[in-house]
Every structure is written in structure tokens, then in C-alpha cells.
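Shown next, in C-alpha cells, is the structure this report addresses.
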Amino acid sequence: MSGTTAYKGRSGPLQISANGGSTFSTIGGARANDVTINNNPVDITNVSSGGFQELLADGGTQSVSISLSGVVSSDAQFKTLQAAADDRTLVWYKFTFGAAGVITSKFAVSNLQLGLPHDGAQTFSCQLMSSGTVTITPDT
């Protein structure tokens, strides 16, 4: 299997900016991140389509959603995430994902869940939804 490259999941951090996107810091305590690029195409099927669905090229809307889970830590980045959820504000995030590159955009915290196990560390999970332009920079 020479030439095959695998990427460590821990090498794909989610970072948050507390100052409007000029500097980013990794959200401490994160264990798992997942990213989904969503496309909502426009259906332009008509009687001339021969019974097959047709979609408008470059039509519709695109968005990105990110799921994050981990252990609650008392670092400033988690507190910024929690404040964004509490205040329903848009905050800049940057997600690095292996060989694919980097996604940067403003995101809203659509949900934040805290786990309080009787005999373990306090955990959290959240879902982020992009707002506005999403920049996807391929890895070079």
C-alpha cells in the first residue's frame, strides 16, 4: 500500500475567532468534528426533459454544517462557543479537514447540548450552520 496516505482525525481542528475572524484558536476539549457541504439545487424539469429530472447548473443555495463533540473545558474558546449559542450571534470559525483544505465562514450555533454523566467528565455536542459566504481553500 505504498503511496497511500491517511489523515488523523485529530489533525482536523475546529477553530473559533473571538475578534471577528482575524485570529483563530482551536476549541479545546474537542474530540470529533464532522463537516457537511449542503447543496440545494433548483429543479428545472419540464415537458421537454423526456421524463428525466433536470437541475439548473450553479443554481440554488449552498451551505456548510459542522458537528462538534468533546469534553467541556474551561478555556476561552469553549466559553466563546457557549456565549455564541446563548446570545444567538454569528461567529467566525475555521475548520481544517485533512487533505481537502480549510473552510472559513460565519456560523450560528443551531444547538448546543451538554452531557452531565454521574461518573464522568462533562461533555458537549453542537451543530453549526454557515451564514453568508463560505470560503473553501483547497490544500496545496
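- Considering all non-hydrogen atoms of both residues, Val42 and Gly60 come closest at CG2-N, 3.3 Å.
- Looking at Asn46, its side chain does come within 3.5 Å of a backbone N or O of Ile44 through a donor-acceptor pair.
- The two residues Ser105 and Ser131 come nearest to each other via the heavy atoms OG-O, 3.7 Å.
- At a cut-off of 3.5 Å, with distance as the only test, a side-chain donor of Asn19 or Ser17 sits close to an acceptor on the other residue.
- Side-chain atoms of Asp43 come within 3.5 Å of backbone atoms of Thr45 as a donor-acceptor pair (strictly under, hydrogens ignored).
- In this structure, Phe78 and Ile16 have side chains that are not in contact, with every pair of non-hydrogen atoms separated by 4.5 Å or more.
- Within the 4.5 Å cutoff, no side-chain heavy atoms of Phe95 are placed close to those of Val102.
- Counting heavy atoms from C-beta on, the side chains of Gln62 and Ile37 come closer than 4.5 Å.
- Side chains of Val64 and Val35 form a contact here, defined as non-hydrogen atoms less than 4.5 Å apart.
- Leu112 and Leu90 end up in different hydrophobic clusters when Ile, Leu, Val, Met, Phe, Trp and Tyr side chains are linked at under 4.5 Å.
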Does Met129 form a side chain to side chain contact (heavy atoms under 4.5 Å, CB included) with Ser110? I'd like the steps, not just the answer. CA-CA 6 Å; Met129 296 176 63; Ser110 63; 3.6 Å; yes
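- The closest side-chain heavy-atom distance from Val91 to Phe107 is not below 4.5 Å.
- Taking CG from Leu55 and CG from Asn40, the interatomic distance works out to 11.0 Å, rounded to the nearest 0.5 Å.
- For the atom pair CD1 of Ile27 and NZ of Lys79, the computed distance is 14.5 Å after rounding to the nearest 0.5 Å.
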Could you check Glu54 against Ser49 for side-chain hydrogen bond (donor to acceptor under 3.5 Å, both in side chains), going step by step and ending with a plain yes or no? CA-CA 7 Å; Glu54 291 187 80; Ser49 299; 2.4 Å; yes
So Cys126 and Gln113, side chain to side chain contact (heavy atoms under 4.5 Å, CB included) or not? Walk me through it. CA-CA 6 Å; Cys126 68; Gln113 180 178 358; over 6 Å; no
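- Between Phe24 and Tyr93, the gap from one ring centroid to the other reaches at least 6.0 Å.
- Between the OG1 atom of Thr104 and the CD atom of Gln15 there is a distance of 9.0 Å, given to the nearest 0.5 Å.
- Under the 3.5 Å distance criterion, the side-chain polar atoms of Asp75 are matched with a main-chain donor or acceptor of Gly28.
- Using a 4.5 Å heavy-atom cutoff, the side chains of Leu68 and Leu81 are in contact.
- Looking at every heavy atom in both residues, Gln77 comes nearest to Thr26 through CG-O, 3.4 Å.
- Here Gln82 contributes atom CD and Phe124 contributes atom CZ; the two are 10.0 Å apart, rounded to the nearest 0.5 Å.
- Atom CG of Asp87 sits in a crowded spot, with more than 12 heavy atoms from other residues, nucleotides or ligands closer than 6.0 Å.
- Side chains of Leu114 and Val72 form a contact here, defined as non-hydrogen atoms less than 4.5 Å apart.
- Looking at Asp34 and Thr36, their side chains never come closer than 4.5 Å, going by heavy atoms from C-beta outward.
- Nearest approach of Leu14 to Asn33, heavy atoms of both residues: N-ND2, 3.6 Å.
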